[in-house]
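Take a look at the structure below.
First the proteins, then the strands, lettered A, B, ... as listed; each starts at 1.
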Number of protein chains: 2
Amino acid sequence: MYSKELIKGTLQPIVLKLLHENKRMYGYEITQRVKDITNGRIELTEGALYPTLHKLEADGILSTEKEFIGKRVRKYYSLTKKGHSVIAQKMQDFNEFVHAMNLILNPKIS
Amino acid sequence: MYSKELIKGTLQPIVLKLLHENKRMYGYEITQRVKDITNGRIELTEGALYPTLHKLEADGILSTEKEFIGKRVRKYYSLTKKGHSVIAQKMQDFNEFVHAMNLILNPKIS
DNA sequence: CAAATATACATAATATTCTTAGGTATAACA
DNA sequence: TGTTATACCTAAGAATATTATGTATATTTG
């Protein structure tokens, strides 16, 4: 995996992007999905992910519902109404950021 | 400009990428170049840039030479020998990161 | 069937990295 | 001559992630 410091600042938009596309997901699932999509390039750490999810919930962007799989609990996260109202802007910001990174990596010959 | 938190973690690789391509640059020049390349999407703040440059110098990745333009000083930064020895890996990490971000934004239909 | 691995949540101390808000000074432009 | 641009810098605080733990159940494998 690439050096970890790079993830800083993008964890939240990554989480929101996935929840925007998938209705509801639980924490562990998010780590696996990200690992899968990025071909193992990004492995979210739980120490970063869970506090991020909790913060988004505290901010009213996400809501949760618990489910039991056998005796083990799963906490599903999904976008709230407020979450839906802010996601468009956040996804555009994320897009613009990644676009900017692409430009830096591959500057247009002008 | 997109929301600023996203830049976290990528400032250093951005700086190194530019210095990798340009031999030597000074701080203010870097801010302008980044703004230019990204069509205004990213405006580095000086409060972040200068400490980053100083750290890279302290780590032996960058070296400096001062030049006077009239009465005003300019501090040019360039990669040291050590800097050249680590830049390949750092640029690959940066590439992989941006690639991963592209995958998240635009997941492959499998 | 026991041990290892995977699933699934969580927190706390610490480190890293930026933002915001200053500060100083020269040069160019209107 | 006042405003904007150029050019450097630092410090307090906020935000974000790492590392190291902890707890517990479920599954795989030798």
Rounded distance (Å) that lies between atom P of D/dA15 and atom CD of A/Gln12 = 11 Å

note = DNA chain D nearest-nucleotide lookup for B/Leu53 and A/Gly47: closer to the 5′ end is B/Leu53

key: Between P of C/dA8 and NZ of A/Lys35, the distance in whole Å   = 14 Å

ask   = Is the shortest side-chain N/O distance from A/Lys75 to OP1 or OP2 of C/dA10 below 4.0 Å?
value = yes

key: Sole residue of A/Ile37, A/Ile30, A/Thr31 in side-chain contact (heavy atoms from CB on, under 4.5 Å) with A/Arg33   = A/Ile37

Whole-Å distance separating the NZ atom of A/Lys71 from the C1' atom of D/dT27 = 15 Å

message = Measure CZ/B/Arg33 against P/D/dT6 and give the value in whole Å, please.
response = 13 Å

ask   = Below 4.0 angstrom from OP1 or OP2 of D/dT10, is there any side-chain N or O of B/His54?
value = yes

key: A/Ile30 CD1 to C/dA10 P, straight-line distance once rounded to whole Å   = 11 Å

task = Specify the separation, in whole Å, of atom NZ of B/Lys66 and atom C1' of C/dA25.
result = 14 Å

task = Give a yes/no on whether any side-chain N or O of B/Tyr50 is located under 4.0 angstrom from OP1 or OP2 of D/dC9.
result = no

request  = Return the nearest nucleotide to the side chain of B/Tyr28; candidates are C/dT26, D/dA5, C/dC18.
outcome  = D/dA5

request  = Check step by step if side-chain contact (heavy atoms from CB on, under 4.5 Å) holds for A/Val98 and A/Asn102.
outcome  = CA-CA 6 Å; A/Val98 176; A/Asn102 285 322; 3.9 Å; yes

message = Assess, by modelled atom type and distance only, whether the side chains of B/Asp36 and B/Gln32 contain a donor and an acceptor separated by less than 3.5 Å.
response = no

remark   = In whole angstroms, the gap separating C1' of C/dA6 from CD1 of A/Ile69 amounts to 15 Å

inquiry  = With side chain to side chain donor-acceptor pair (under 3.5 Å) as the test, pick out the partner of B/Glu67 among B/Arg24, B/Lys75, B/Arg74.
reply    = B/Arg24

Flag for A/Glu57-A/Thr64: side-chain donor and acceptor within less than 3.5 Å = yes

request  = Using whole Å, report how far OH of B/Tyr76 lies from C1' of D/dA7.
outcome  = 11 Å

message = Quick check for you: among D/dT16, C/dT17, D/dT6, whose closest atom lies nearest to any side-chain atom of B/Lys55?
response = C/dT17

task = Please determine, for the side chain of B/Glu46, which listed nucleotide (C/dC9, D/dC8, C/dC18) has the closest atom?
result = D/dC8

key: 5' priority, DNA chain D, between A/Arg72 and B/Arg74 [closest heavy atom]   = B/Arg74

ask   = Can you find a side chain N or O atom of A/Thr45 that sits less than 4.0 Å from OP1 or OP2 on D/dT19?
value = no

